Amino acid sequence: AQTVTQSQPEMSVQEAETVTLSCTYDTSENNYYLFWYKQPPSRQMILVIRQEAYKQQNATENRFSVNFQKAAKSFSLKISDSQLGDTAMYFCASKYDNYGQNFVFGPGTRLSVLP
Amino acid sequence: GAVVSQHPSWVICKSGTSVKIECRSLDFQATTMFWYRQFPKQSLMLMATSNEGSKATYEQGVEKDKFLINHASLTLSTLTVTSAHPEDSSFYICSATPVANEKLFFGSGTQLSVL
């Protein structure tokens, strides 16, 4: 079974600073996808960034980037220039293949951006 | 991006009544939709996978007679909580994946409160 672990239940960061959220996963699959989703107080789930396991290059989306270490099964999220609107729950998730239903979510990290 | 609409956003009902929640994919066809339940400050828990034109697949421990799922078209799935009780009070989220797309798009969720 595939599992996703987020070891930091809560984190805080000062506005404009950089913060890194950790995620590790366990899978025996070769082809899979990794995601970070954000859930702000509105509770709408929003896709932040995704990474294909077969790509070695780390994904980047504006202020959000990942550090994908396939051998270590690690997938951390870096948020640069943190903004108050980044305050949210962040969920790391994995998906096996393009047609399956196997999304697995981690327990989440609650991030607070402090003014 | 793909849009998933979920209705209603919140509902309050008396114990013993049934409540229907709708999930629509507005700009894509979804042969598969997913229903999650989320308790406060916790991660998403997959309840069932809704397949268009066939029976839903329920996760272990989810009562299929209590949580009725109907996926009658490629753009609509419904979750009916039958004979609701206070312990069914929770936040319910639907999601869908467009064909040949690895991303999961979420509805805005439904807060159910059973009195």
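Computation of the quantities below employed the complete heavy-atom set of this structure, encompassing side-chain atoms and omitting hydrogens, waters and symmetry-equivalent molecules. Owing to the predicted nature of the structure, the values given are computational and were not obtained by experimental measurement.
Neither the backbone nor the side chain of B:Q6 comes within contact range of chain A; no heavy atoms are under 4.5 Å apart. Heavy-atom distances place no part of A:Q6 under 4.5 Å from chain B, backbone and side chain included.
Residues B:K103 and A:F35 come closest through the heavy atom pair CA-CE2, 4.1 Å.
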* Asked: Does the side-chain hydrogen bond (donor to acceptor under 3.5 Å, both in side chains) test come out yes or no for B:Q38 and A:R43, once each step is laid out?
  -> CA-CA 10 Å; B:Q38 186 179 33; A:R43 296 194 288 184; 5.9 Å; no
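Between B:F106 and A:I46, the closest side-chain pair of non-hydrogen atoms is not below 4.5 Å. The shortest side-chain heavy-atom distance between A:F103 and B:L46 does not fall under the 4.5 Å cut-off. Annotation: side chain of B:V4 is not in contact with side chain of A:M45 (no heavy-atom distance under 4.5 Å). Side-chain atoms of B:K41 and A:M89, non-hydrogen and from C-beta on, never get closer than 4.5 Å to each other.
Once rounded to the nearest 0.5 Å, the distance linking CZ of A:F105 with CE of B:M45 reads 13.5 Å.
Judged purely by atom type and a 3.5 angstrom limit, B:S43 uses its side chain to pair as donor or acceptor with the backbone of A:G106.
More than 12 heavy-atom neighbours from other residues, nucleotides or ligands sit within 6.0 angstrom of NZ on B:K66. Within 6.0 Å of atom CD in B:E87, more than 12 heavy atoms from other residues, nucleotides or ligands are found, so the atom counts as buried in its surroundings.
No other option in B:G109, B:S95, B:S108 has as many heavy-atom pairs under 4.5 Å with chain A as B:S108.
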